[in-house]
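Read through the structure below, which is laid out as structure tokens, and then see the notes.
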Amino acid sequence: MIVVKCGGAVVGTGLLDVLAVAAGGPVLVVHGAGPQISAELERRGLPVSFVRGRRVTDAAALAVVRQALLGVNAQLCAAIGPSAVGLAGDEIGLRAVPVPALGLVGDPIPSRPRAVLDVLAAGRIPVVAPIAEGPLNVNADEAAAALAVGLGADLVVFLSDVPGVLHGGLLERIEADEALRLLDDGTFQGGIVPKLRAAVLAARRGAQVEIGATEVVA
């Protein structure tokens, strides 16, 4: 089974390339909507704030998050075609531990939603919007890793608008211990932080993990 995390800035073509590689095997898609959420928050005059790559989210922001995620979900389902089934995480049992310091935000925990299993069993492609029960806003990379671990995925692919992990150039491979060391010493900042932590989690639980052209290994 393959879990594909698709960033909100990635066009449908990149996603379809990965789905083609899957060659008909079971695939779960988890997506973000970062650019769309930030643009709508700014349009409404609401603050846009991040801490270590995760969005600070109050009630007003959460409404925007949900609207944007469901919009991207519909677009991705249309791009994939009739085999796609859109799912909202908070409606299918995606769980998270609240992080009150960030507002209505959660740390997703490994989950095995029955709705996802049913869609996969029917030979279709679940496309999950990363909102956790609560509801809580959760980082899409972390949600993808939590679902990958809970479902026992073989491969996790993180698609984004960057080519991979950049550290003195594009890395072909990074080991989990080295990734965590560089995260802890502040070498990496911004959106790569939750992405790399999510990748390490999935790799340490036995999945093959790719961030763009970079392989993350346990």
Side-chain angles (χ1 to χ4, degrees), residues 4-15 29-80 84-109 111 113 126-147 158-166 183 186-199 211-212:
V4 179
K5 187 274 175 171
C6 182
V10 176
V11 295
T13 333
L15 174 62
V29 176
V30 181
H31 65 84
Q36 294 88 342
I37 293 167
S38 293
E40 181 61 17
L41 288 172
E42 291 174 354
R43 189 188 73 80
R44 297 189 187 190
L46 297 172
V48 176
S49 177
F50 292 87
V51 175
R52 297 283 285 167
R54 295 192 296 177
R55 188 183 299 275
V56 178
T57 309
D58 61 11
L62 185 62
V64 173
V65 167
R66 186 180 186 86
Q67 177 185 348
L69 283 171
L70 294 182
V72 170
N73 191 277
Q75 293 170 4
L76 286 177
C77 287
I80 294 168
V85 178
L87 300 170
D90 60 334
E91 297 175 355
I92 63 170
L94 178 60
R95 297 172 296 149
V97 177
V99 184
L102 298 178
L104 298 174
V105 174
D107 284 330
I109 59 178
S111 301
V127 181
V128 177
I131 309 169
E133 292 179 338
L136 296 171
N137 183 21
V138 293
N139 178 273
D141 297 307
E142 294 175 341
L147 287 166
F158 294 89
L159 293 178
S160 72
D161 55 351
V162 295
V165 179
L166 303 174
L183 285 165
T187 296
F188 293 118
Q189 299 291 329
I192 191 62
V193 173
K195 191 182 303 293
L196 205 45
R197 289 197 183 279
I211 299 178

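Just the heavy atoms: all of them, side chains too, but no hydrogens, waters or symmetry mates, feed the values below.
- Residues satisfying the salt bridge (charged side-chain N to carboxylate O under 4.0 Å, His left out) test with Arg52, not counting sequence neighbours, are none.
- Nearest approach of Val128 to Asn73, heavy atoms of both residues: C-ND2, 3.9 Å.
- Nearest heavy-atom pair across Pro194 and Asn139 is CG-ND2, 3.5 Å.
- Side-chain contact between Val165 and Leu196 is present, with heavy atoms from C-beta onward closer than 4.5 Å.
- The minimum heavy-atom distance between Ala132 and Ala96, with the atom names listed, is CB-CB, 3.6 Å.
- When all heavy atoms of Ala140 and Pro130 are compared, the closest pair comes out as CB-CG, 3.7 Å.
- The NZ atom of Lys5 sits 10.0 Å away from the CD1 atom of Ile211 when rounded to the nearest 0.5 Å.
- Taken from CG in Leu46 to CG in Asp58, the straight-line distance is 7.0 Å, to the nearest 0.5 Å.
- Across all non-hydrogen atoms, the minimal contact from Leu76 to Cys6 is CD2-SG, 4.3 Å.
- Here CG of Leu147 is found 5.5 Å from CG of Leu94. Values are rounded to the nearest 0.5 Å.
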Anything under 3.5 Å between a donor and an acceptor, one on a side chain of residues 61-72, the other on a protein residue two or more places apart or in another chain? List them.
| residue | atom | partner | partner atom | Å |
| --- | --- | --- | --- | --- |
| Arg66 | NH1 | Asp90 | OD1 | 3.2 |
| Arg66 | NH1 | Asp90 | OD2 | 2.7 |
| Arg66 | NH2 | Glu91 | OE2 | 3.1 |
| Gln67 | OE1 | Arg44 | NH2 | 2.9 |

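- Between the side chain of Ser160 and the main chain of Phe158, no donor-acceptor pair closer than 3.5 Å is present.
- Closest heavy-atom contact between Phe188 and Val193: O-CG2, 3.5 Å.
- In this structure, OG in Ser111 is found 7.5 Å from CD in Glu133, a value given to the nearest 0.5 Å.
- Under a 3.5 Å cut-off, the side chain of Thr57 and the backbone N or O of Arg55 do form a donor-acceptor pair.
- For Arg197, the salt bridge (charged side-chain N to carboxylate O under 4.0 Å, His left out) criterion is met by Asp184, not counting sequence neighbours.
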